[in-house]
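Worth saying up front: this structure is predicted, and the values here are computed from it rather than measured. By convention in this document, chain letters (A, B, ...) are assigned in the order of the sequence lines, proteins followed by strands, and residues within each chain are numbered from 1.
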Amino acid sequence: MVQKPSLPKGTRDFGPEAVAKRNFIFDKIKACFQYHGYLPIETPVMESLSTLTGKYGEEGDRLLFKVLNNGDYLADVNQEDLSQKNSNKVISQISKRGLRYDLTVPFARFVAMNRNEINFPFKRFQIQQVWRADRPQKGRYQEFYQCDADIVGSDSLMYEAELIEIYNTVFTALNLPVEILVNNRKVLEGIAETIGAQNLFIEMTVAIDKLDKIGWQGVGAELLTKGFNHDQIEKLTKILDITKLADLEPWLVESEIGLLGIEELKTLHLYLDKISLDQDVKLDLKLARGLNYYTGCILEVKAKTAAMGSLGGGGRYANLTEVFGLSDVSGVGISFGAERIYDVMEELNLFPPNVLAQPQLLIITDDDCVLDGFETAYKLRKAGIAVDLYPSPAKFKKQMKYADDRKFAFVLIIGIQEKEQQKYALKNMVTGEQIAISWDELIVKFSK
RNA sequence: GUGAUUGUAGCUCAGCUGGUUAGAGCGUCGGUUUGUGGUUCCGAAGGUCGGGGGUUCGAAACCCCUCAUUCACCCCA
């Protein structure tokens with residue numbers, strides 16, 4: 001029986017053009033990373049589940065893809081857990097591996113394991129897929145590429161500035177106008193302290209992150225259900241509307257950690273003042289970011305001219321390697337969401353017309369000249385000219401149509417007439433013009 | 001995990017309140033006097049109407065279940 005082919009939820013195929021376009025994005029990002037001294041690494045698709053769980057918050061754990069153990073995986077499962085259908089307990093017994101959820105945590109694991117071989121500060125980049133068991137929707141897939149650059153082993157805020165500069169450079173190179181939003185988790189903690197809600201810090205960040213979407217009314221309502229009172233919410237409203245660092249400082253004088261955050265932002269700006277950027281960089285106190293491992297500056301990139309979630313994000317994580325037994329190694333990094341950048345660039349028509357690098361020239365032949373065609377193709381390629389060849393002496397109509405469909409700019413016709421005249425017929429597929437051309441002329445025309 | 005939405009040819013979609021052999025455009029393939037595409041004209045192939053069950057004399061259409069899609073929420077790139 002024939003089965004109807006289909007793709008798993010949230011995944012897609014990439015045809016030749018899509019791959020070319022994606023590589024166009026990768027190439028820009030990669031070039032920029034390398035230009036700044038980042039070195040490439042790759043890590044396995046699968047990690048031990050224990051490496052992944054507990055790093056992304058409760059929600060993140062739910063979105064982890066688990067890999068079923070091999071063999072008789074039910075053999076050793078606790079019968080009680082099984083009969084009670086306790087999925088949480090059973091899963092840990094039947095699955096010891098999971099698909100990576102991002103590239104940052106595997107990197108932290110990599111650093112902890114290779115600490116003796118690594119020279120700190122260690123700058124690495126990594127372009128690989130990640131998987132999230134999320135319901136797919138616009139700009140959201142279950143399988144997608146992240147392009148990460150991270151530095152571990154230095155707490156210098158110079159790196160925050162460098163990463164912002166990288167965002168700036170890449171999006172400028174892609175001709176995609178964006179807004180780079182900056183905030184600091186310490187400042188947010190300070191704000192929580194100031195309004196007397198330090199124990200509700202996570203709830204606060206999750207709520208205010210939605211301000212853009214549901215406004216103060218919605219956020220206020222959510223905060224109330226989380227245990228905030230009207231007084232606190234009102235205070236929070238006032239603080240978060242602040243757009244200048246100087247205006248914020250008076251609010252946080254009582255908070256040691258808040259002042260530390262402000263100090264960090266000030267230092268960051270000292271660096272940024274030394275360079276000029278094409279994209280907008282803004283302080284945004286409403287930026288929170290859900291990943292709980294961030295401890296200092298946080299960054300997020302949004303498209304200015306398209307409705308799409310963030311195109312990238314990142315931040316400082318002071319302790320991520322600690323759970324893997326390596327303390328006092330601070331890290332900071334950013335991630336580009338290649339799929340979303342792709343979607344936005346497609347929407348805005350930003351890809352160059354000829355991303356699909358293919359030969360300009362197609363050779364077609366008749367019955368008597370197939371071998372001559374093959375030989376000519378070989379000689380042209382040897383002369384450094386990219387060329388393709390139709391494989392059989394089909395009707396010229398068919399061969400021409402093929403050339404047209406594949407958008408070759410020129411067709412080189414080798415038939416019995418050409419062979420007798422010791423010339424080729426070269427047809428320009430755009431103008432329709434056809435000329436007789438010698439080998440030497442051909443080489444000159446197509447050599448660069 | 002929650003709430004909606006859609007599922008008919010390779011693609012985009014028609015198919016009225018259930019009624020004979022399910023249609024169109026595009027695409028594909030073949031031909032249009034045997035050496036020429038993108039622009040003629042003619043023709044052909046291609047569908048278990050997502051799957052299963054039910055109601056009915058009769059279901060693509062109505063009901064139930066299931067699978068899948070898209071979108072929103074949660075969360076995030």
Side-chain angles (χ1 to χ4, degrees), chain A residues 1-12 25 29 56-64 87 100-104 127-148 167 178 202 205-207 209-210 213-214 218 222 287-292 299-303 307-314 333-344 362 364-369 390 393-420 425-434:
Chain A
M1 201 185 100
V2 190
Q3 60 168 338
K4 203 174 176 180
S6 65
L7 286 174
K9 195 197 301 267
T11 66
R12 2 176 232 175
I25 297 172
I29 294 173
Y56 308 104
E58 207 178 315
E59 196 64 23
D61 285 355
R62 211 194 76 207
L63 299 179
L64 281 174
S87 300
R100 62 170 172 247
Y101 178 92
D102 71 358
L103 301 177
T104 308
I127 298 178
Q128 291 190 283
Q129 284 123 309
V130 301
W131 290 267
R132 296 183 188 178
D134 211 347
R135 285 260 176 110
Q137 53 183 282
K138 187 174 185 200
R140 166 178 294 180
Y141 307 95
Q142 293 202 338
E143 175 186 65
F144 58 97
Y145 274 92
Q146 287 194 328
C147 314
D148 276 31
Y167 266 146
V178 295
I202 300 284
T205 59
V206 168
D209 209 32
K210 294 177 205 164
K213 221 179 249 175
I214 57 179
E222 178 167 333
L287 175 65
R289 295 197 58 76
L291 264 34
N292 290 333
L299 304 168
E300 190 158 303
V301 180
K302 285 193 169 153
M308 176 65 76
S310 72
L311 300 181
I334 54 170
S335 179
F336 288 82
E339 257 74 9
R340 286 189 176 175
I341 294 171
Y342 180 105
D343 287 351
V344 170
L362 178 77
I364 71 176
T365 60
D366 67 11
D367 287 316
D368 301 309
C369 304
Y390 199 86
K395 289 193 171 143
F396 272 35
K397 180 185 169 74
K398 192 177 167 75
Q399 299 194 66
M400 291 300 282
K401 184 163 161 44
Y402 179 78
D404 192 45
D405 289 342
R406 281 202 46 199
K407 299 185 171 61
F408 284 94
F410 293 93
V411 167
L412 190 70
I413 302 168
I414 307 178
I416 192 73
Q417 293 173 22
E418 286 71 27
K419 207 170 172 182
E420 281 167 5
L426 180 70
K427 175 155 180 165
N428 182 321
M429 293 299 280
V430 180
T431 62
E433 181 192 15
Q434 187 168 322

_Base B:U36 paired with A:Q399 side chain (donor-acceptor, <3.5 Å)_ = no
*asked:* By the 4.0 Å heavy-atom rule, please label A:K9 as base, sugar-phosphate, or nothing.
replied: sugar-phosphate
*asked:* Distance criterion of 3.5 Å, no angle test: do you see the side chain of A:D404 paired donor-to-acceptor with the base of B:G37?
replied: yes
*Give the rounded distance in Å between these two atoms: CD of A:Q142 and P of B:C71.*
13 Å
*With respect to the phosphate group of B:C73, does any side-chain polar atom (N or O) of A:K213 fall under 4.0 Å of OP1 or OP2?*
yes
*Determine the Euclidean distance between corresponding C1' atoms of B:G18 and B:C62; express it in Å to zero decimal places.*
8 Å
*Please measure how far the P atom in B:C57 lies from the corresponding atom in B:G10, and state the result in whole Å.*
35 Å
*Take atom CG of A:L412 and atom P of B:U36, then tell me their distance rounded to the nearest Å.*
17 Å
*Could you tell me whether the side chain of A:D366 and the main chain of A:I416 form a donor-acceptor pair under 3.5 Å?*
yes
_A:R289 side chain vs A:D209 backbone, donor-acceptor pair below 3.5 Å_ = no
Show the atom names and distances, to 0.1 Å, of all donor-acceptor pairs under 3.5 Å that link a side chain in residues 425-434 of chain A to residues at least two apart or in another chain.
from   : atom 1 : to     : atom 2 : distance (Å)
A:N428 : OD1    : A:V430 : N      : 2.8
A:N428 : OD1    : A:T431 : N      : 3.1
A:T431 : OG1    : A:E433 : N      : 3.2

*Base B:C75 paired with A:R140 side chain (donor-acceptor, <3.5 Å)*: yes
*Could you measure between the two P atoms, the one in B:A22 and the one in B:C49, and give it in whole Å?*
11 Å
*Could you work out the separation of B:G27 and B:G35 based on their C1' atoms and round it to a whole Å?*
27 Å
*Using the C1' atom in both, what is the distance from B:A24 to B:C71, to the nearest Å?*
29 Å
*With a non-hydrogen cut-off below 4.0 angstrom, is A:G139 in contact with a base, only sugar-phosphate, or nothing?*
base
*Provide the distance between the two P atoms, one in B:U12 and one in B:U69, to the nearest whole Å.*
15 Å
*Using a 3.5 Å limit on both pairing distances, list the dot-bracket string of RNA chain B from the 5' end; Watson-Crick and G-U wobble pairs count, crossing pairs take [ ], interstrand pairs take |.*
((((.((..((((.....[...)))).((((.........)))).....(((((..]....))))))).))))....
*Which residue, A:E300 or A:I214, contacts RNA chain B at a nucleotide closer to its 5' end, judged by nearest heavy atom?*
A:I214
*Ignoring backbone atoms, test whether A:Q137 places a side-chain nitrogen or oxygen under 4.0 Å from the OP1 or OP2 oxygen of B:U70.*
no
*asked:* Can you measure A:D134 atom CG to B:U70 atom P for me and round it to whole angstrom units?
replied: 13 Å
*Expressed in angstrom and rounded to an integer, what is the separation of A:K138 atom NZ from B:C73 atom C1'?*
16 Å
*With a 4.0 Å cut-off on heavy atoms, is A:S335 in touch with a base, just the backbone sugar-phosphate, or nothing at all?*
nothing
*Has the side chain of A:Q399 got a donor or acceptor atom that lies under 3.5 Å from a matching backbone atom of A:P393?*
no
*For atom C1', what is the distance between B:G46 and B:G30, given to the nearest Å?*
14 Å
*asked:* Given 3.5 Å as the limit, does a donor-acceptor pair link the side chain of A:R340 with the main chain of A:L311, or not?
replied: no
*Select from A:P136 and A:N428 the residue whose nearest nucleotide in RNA chain B is closer to the 5' end of that strand.*
A:N428
_Taking the P atom in each of B:G47 and B:C64, what is the distance between them to the nearest angstrom?_
31 Å
*Give the rounded distance in Å between these two atoms: CD of A:E433 and P of B:G37.*
17 Å
*Pick base, sugar-phosphate or nothing for A:V301, based on heavy-atom distances below 4.0 Å to the nucleic acid.*
nothing
*Indicate yes or no for a side-chain donor-acceptor contact from A:Q142 to the backbone of A:T11 under 3.5 Å, with no hydrogens or angles considered.*
no
*So what does A:Y141 touch, heavy atoms closer than 4.0 Å: a base, only the sugar-phosphate, or nothing?*
base
*May I ask you to check whether A:F336 and A:Y167 place their ring centres under 6.0 Å from each other?*
yes
*Have a look at A:G432 and say if it touches a base, only the backbone sugar-phosphate, or nothing, with a 4.0 Å heavy-atom cut-off.*
base
*What is the distance, rounded to the nearest whole Å, between atom CD1 of A:I364 and atom P of B:G38?*
13 Å
*Heavy atoms only: give me the nearest A:P136-A:K9 pair and the separation to one decimal.*
CG-CG, 3.6 Å
Atom pairs under 3.5 Å: protein N/O with N/O of nucleotides 27-33 of chain B:
from  : atom 1 : to     : atom 2 : distance (Å)
B:G31 : OP1    : A:K395 : NZ     : 2.9
B:U32 : O4     : A:K397 : NZ     : 2.7

*CG of A:L426 versus P of B:G37: gap in Å, rounded?*
17 Å
*Looking at every strand, decide which applies to A:G312 at a 4.0 Å heavy-atom threshold: base, sugar-phosphate, or nothing.*
sugar-phosphate
_With hydrogens left out and only the distance checked, is there a donor-acceptor pair under 3.5 Å joining A:E418's side chain and the base of B:G35?_
yes
*asked:* If you compare every side-chain N and O of A:R289 against the phosphate oxygens of B:A77 (OP1, OP2), does one of them come in below 4.0 Å?
replied: yes
*Which atom pair, heavy atoms only, marks the closest approach of A:D102 to A:Y56?*
OD1-OH, 2.7 Å
_Residues, nucleotides or ligands: over 12 heavy atoms within 6.0 Å of A:K210 NZ_ = yes
*So, A:F336 and B:A77: ring centres less than 5.5 Å apart, planes less than 30° off, yes or no?*
no
_Whole-Å distance separating the CG atom of A:D102 from the P atom of B:A77_ = 8 Å
*asked:* Looking at A:R135 and B:C75, is any side-chain donor or acceptor paired with a base atom of the opposite kind under 3.5 Å?
replied: no
*Side chain of A:E339, backbone of A:Y145: donor and acceptor closer than 3.5 Å?*
yes
_I'd like to know if A:D368 pairs up with A:K419 as an ion pair, taking the criterion as any Lys NZ or Arg NE/NH1/NH2 lying under 4.0 Å from an Asp or Glu carboxylate oxygen._
no
